[in-house]
Protein chains: 2
Amino acid sequence: MLKEERQQTILSEVELHNRILLTDIAETLDVSIDTIRRDVKELDLNKKLRKVHGGAISLGFTTNSARNQNIYAVDQKRVIAQKAAAMLKDGAVVFIDGGTTCLELAQLIPENLDLTCFTISLAVAMELSNKPNVTVIMIGGQIAKESQIAIGANTIHNLAEIRVDFSFIGTGYVDAMFGLTEFDWDIVQIKKAVIKASKKTVLLSISEKLNSQHRYKTCDINTINTMITELDPNNDLLSAFKNNDIKIL
Amino acid sequence: MLKEERQQTILSEVELHNRILLTDIAETLDVSIDTIRRDVKELDLNKKLRKVHGGAISLGFTTNSARNQNIYAVDQKRVIAQKAAAMLKDGAVVFIDGGTTCLELAQLIPENLDLTCFTISLAVAMELSNKPNVTVIMIGGQIAKESQIAIGANTIHNLAEIRVDFSFIGTGYVDAMFGLTEFDWDIVQIKKAVIKASKKTVLLSISEKLNSQHRYKTCDINTINTMITELDPNNDLLSAFKNNDIKIL
DNA sequence: ATGTAAAATGCAAAAAACAGCAAGATAAAT
DNA sequence: ATTTATCTTGCTGTTTTTTGCATTTTACAT
């Protein structure tokens with residue numbers, strides 16, 4: 001029996017049953033277990049299947065069930081979150097927005113830091129409630145399904161009654177000329193209320209969003225006090241923002 | 001059975017039911033509890049699920065919730081939740097409390113049901129936001145770390161401004177004589193506000209809590225309109241409650 | 001505080017993987 | 001035809017992985 005032929009048989013067996021045992025195949029094809037081992041190793045190398053201890057598994061079988069809830073550009077967002085976390089001091093009163101970058105920030109808050117955090121995001125609130133020294137206040141309101149943040153009149157009303165040292169916000173789009181913009185009108189209202197409630201506003205945005213714009217405007221770029229991207233502050237991409245009165249980290 | 005195969009099975013079980021018990025899985029797959037323990041440990045390490053005492057929970061369910069670690073008496077709680085879910089009609093405006101039983105209820109709400117749900121629980125809010133036809137309103141306030149629910153004056157203030165058809169509440173302790181009691185003063189204040197805001201109050205409680213009491217009183221037993229346990233309504237344990245004007249399910 | 005369930009730990013047997021070697025087959029070059 | 005190099009295959013002994021069991025430690029609920 002040819003090697004090629006044998007490997008083809010192995011493959012179709014894997015496709016058929018989603019998984020195989022090396023011992024089974026060795027017996028069926030009447031060759032030594034080592035040969036099968038080597039075949040499977042090769043097929044694995046060629047990404048035709050996945051070799052596991054004692055057998056092999058079809059690629060399709062493995063990928064579908066594992067629901068990858070991977071966040072886009074996690075690494076960049078983590079860098080941003082680290083820079084932002086460095087701004088936090090004991091006793092500060094801050095607001096943390098929804099969005100994956102802000103969630104990273106919430107995760108990166110040191111255990112020993114004494115903070116009061118307001119948020120409109122269910123996920124951020126949950127994350128923060130794991131930090132023993134952080135007082136978490138969830139701003140209520142109707143929950144937007146996709147983003148799991150509180151929106152609407154009631155939320156804005158509640159936001160009007162607070163005053164924080166820093167707010168860390170994200171944005172859909174940001175441009176040196178057009179400022180911060182969003183796809184969604186409701187979100188803009190929320191962000192406006194947040195900015196109004198903050199002494200200083202810190203924008204967290206991955207560089208990919210720079211020089212992009214959309215329909216509804218949140219604020220001018222110089223409303224932002226500090227802007228954090230994953231880039232080095234001296235990066236050329238950020239030069240357009242330097243004319244303004246913005247601190248870039 | 002291959003190890004990988006087994007782990008895939010564990011994962012899909014977790015995704016399906018949001019939570020599993022190690023002993024159940026061990027029996028189903030016919031391997032020792034140690035093996036399952038090691039598998040789950042490994043999957044946890046690989047961030048595929050979250051290992052908790054006695055079982056595992058899905059990551060997608062809720063990232064980090066102290067409440068969800070408690071998978072105590074899930075089956076009973078699911079029975080209760082099913083009975084409660086049967087009470088829900090299209091167009092209803094309801095309040096759903098925190099606590100595992102209420103969380104079960106939130107999960108069991110049918111996809112096609114049109115509802116407006118108020119809640120003080122982050123986990124319930126998250127769960128409900130997966131239901132396309134449910135309008136979710138999170139009542140804001142300071143978040144209690146252990147239970148991840150909003151508490152405090154602001155929450156009570158917000159509760160004072162709503163009026164719901166039904167509220168589904170849990171309780172720490174319940175007794176036919178002493179009524180509903182709690183270990184925690186703040187929680188009592190919240191529950192009082194909830195009851196005040198409801199036309200009808202539905203108590204969800206596992207039978208284990210019957211005939212138990214604690215320091216602070218929420219309300220008398222006849223303040224409750226409907227009481228749901230996992231038991232058959234004719235069970236002897238419930239006879240003490242039948243004298244009152246309570247519907248028992 | 002207490003009893004029970006779960007987790008961690010160490011251990012041993014079995015299975016599988018691995019590395020290295022030698023026999024046989026194949027193909028190309030001399 | 002012989003040699004040489006390469007590839008394939010099976011075998012051997014060793015190492016690693018996996019698994020279940022017994023025991024201790026820890027965590028949990030009451």
Side-chain angles (χ1 to χ4, degrees), chain A residues 1-10 14 19-46 49-57, chain B residues 1-10 14 19-46 49-57 65-77 99-101 145-147 170-175 178 181-184 205-215 229-230 237:
Chain A
M1 168 164 263
L2 295 172
K3 180 180 153 194
E4 188 67 23
E5 195 181 348
R6 207 175 46 231
Q7 294 197 355
Q8 207 56 51
T9 311
I10 295 174
V14 168
R19 67 107 211 245
I20 52 160
L21 302 178
L22 298 194
T23 48
D24 283 359
I25 288 285
E27 195 172 349
T28 311
L29 300 183
D30 197 31
V31 288
S32 83
I33 186 78
D34 300 74
T35 303
I36 298 296
R37 219 188 295 287
R38 278 184 276 243
D39 281 339
V40 168
K41 201 176 197 171
E42 200 177 324
L43 289 168
D44 180 281
L45 227 62
N46 296 339
L49 48 70
R50 198 156 71 86
K51 185 183 181 313
V52 298
H53 193 93
I57 289 184
Chain B
M1 167 164 256
L2 295 170
K3 178 183 150 195
E4 292 290 327
E5 201 181 348
R6 207 176 46 231
Q7 295 195 354
Q8 290 286 345
T9 310
I10 295 174
V14 168
R19 42 159 68 107
I20 53 162
L21 298 176
L22 299 194
T23 48
D24 283 359
I25 289 284
E27 195 172 347
T28 312
L29 299 182
D30 196 31
V31 289
S32 82
I33 185 78
D34 301 73
T35 303
I36 298 296
R37 218 188 292 287
R38 278 183 277 241
D39 280 339
V40 168
K41 198 178 195 174
E42 197 178 325
L43 290 168
D44 180 289
L45 225 64
N46 297 337
L49 48 70
R50 176 125 174 280
K51 185 180 182 315
V52 296
H53 195 89
I57 58 178
S65 164
R67 278 273 167 150
N68 292 325
Q69 294 187 23
N70 176 15
I71 54 172
Y72 179 68
V74 203
D75 294 339
Q76 295 156 47
K77 287 173 180 176
T100 43
T101 312
K145 293 196 180 303
E146 343 69 59
S147 49
T171 186
Y173 308 85
V174 56
D175 186 281
F178 298 91
T181 47
E182 297 285 341
F183 175 79
D184 191 325
S205 173
I206 57 174
S207 62
E208 208 169 292
K209 288 183 177 172
L210 297 178
N211 305 316
S212 68
Q213 55 206 273
H214 218 280
R215 205 171 320 167
T229 73
E230 84 280 10
L237 273 170

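In this text the structure is predicted, and so the values were computed from the model without any measurement. All chains are named by letter (A, B, ...) in the order of the sequence lines, taking the proteins before the strands, and each is independently numbered beginning at 1.
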Student: Starting at atom CG of A:Leu21, determine the distance to atom P of D:dT17, rounded to an integer number of angstrom.
Tutor: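 Roughly 20 Å, once rounded to whole Å.
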Student: Using atom CD of B:Glu42 as one end and atom C1' of C:dA7 as the other, report the distance to the nearest whole Å.
Tutor: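 Taking CD of B:Glu42 and C1' of C:dA7, I get 17 Å after rounding.
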Student: Taking only side-chain nitrogens and oxygens of B:Arg6, does any of them come within less than 4.0 Å of OP1 or OP2 of D:dT18?
Tutor: no
Student: Tell me every residue that passes salt bridge (Lys or Arg N to Asp or Glu O under 4.0 Å) with B:Glu27, counting only those two or more places apart in sequence or in another chain.
Tutor: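 B:Glu27 satisfies salt bridge (Lys or Arg N to Asp or Glu O under 4.0 Å) with no residue once adjacent residues are dropped.
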Student: Quick one: A:Glu4 CD to C:dT26 P, roughly how many Å, whole number?
Tutor: 17 Å
Student: Pick out the pairs of N or O atoms, protein on one side and nucleotides 8-16 of chain C on the other, that lie under 3.5 Å.
Tutor:
{"from": "C:dA16", "atom 1": "O3'", "to": "A:Gly54", "atom 2": "N", "distance (Å)": "3.2"}

Student: Working to the nearest 0.5 angstrom, can you tell me the gap between A:Ile36 CD1 and A:Gln7 CD?
Tutor: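 Interatomic distance, A:Ile36 CD1 to A:Gln7 CD, rounded to 0.5 Å: 9.0 Å.
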Student: Measure CD1/A:Ile33 against C1'/D:dT17 and give the value in whole Å, please.
Tutor: 15 Å
Student: So A:Val14 and A:Arg19, do their side chains get closer than 4.5 Å, heavy atoms only?
Tutor: no
Student: Determine: side-chain N/O of A:Ser32 to OP1/OP2 of D:dT9, distance under 4.0 Å, yes or no.
Tutor: no
Student: Specify the separation, in whole Å, of atom CD of A:Glu5 and atom C1' of D:dT8.
Tutor: 15 Å
Student: Take atom NZ of B:Lys3 and atom P of D:dT17, then tell me their distance rounded to the nearest Å.
Tutor: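 Answer to the nearest Å: 9 Å.
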Student: Considering non-hydrogen atoms only, spot the tightest contact between B:Thr171 and B:Thr181 and give its length.
Tutor: OG1-O, 3.5 Å
Student: What is the distance from CD1 of B:Ile206 to C1' of D:dA29, rounded to the nearest Å?
Tutor: 11 Å
Student: Using modelled atom types only, decide if a donor and an acceptor are shared between the side chain of B:Glu4 and the backbone of A:His53 within a distance under 3.5 Å.
Tutor: no
Student: State whether the side chain of B:Glu230 and the backbone N or O of B:Ile206 hold a donor-acceptor pair below 3.5 Å, judged by distance alone.
Tutor: no
Student: For B:Leu2 and D:dT17, give me the distance from atom CG to atom P, rounded to whole Å.
Tutor: 17 Å
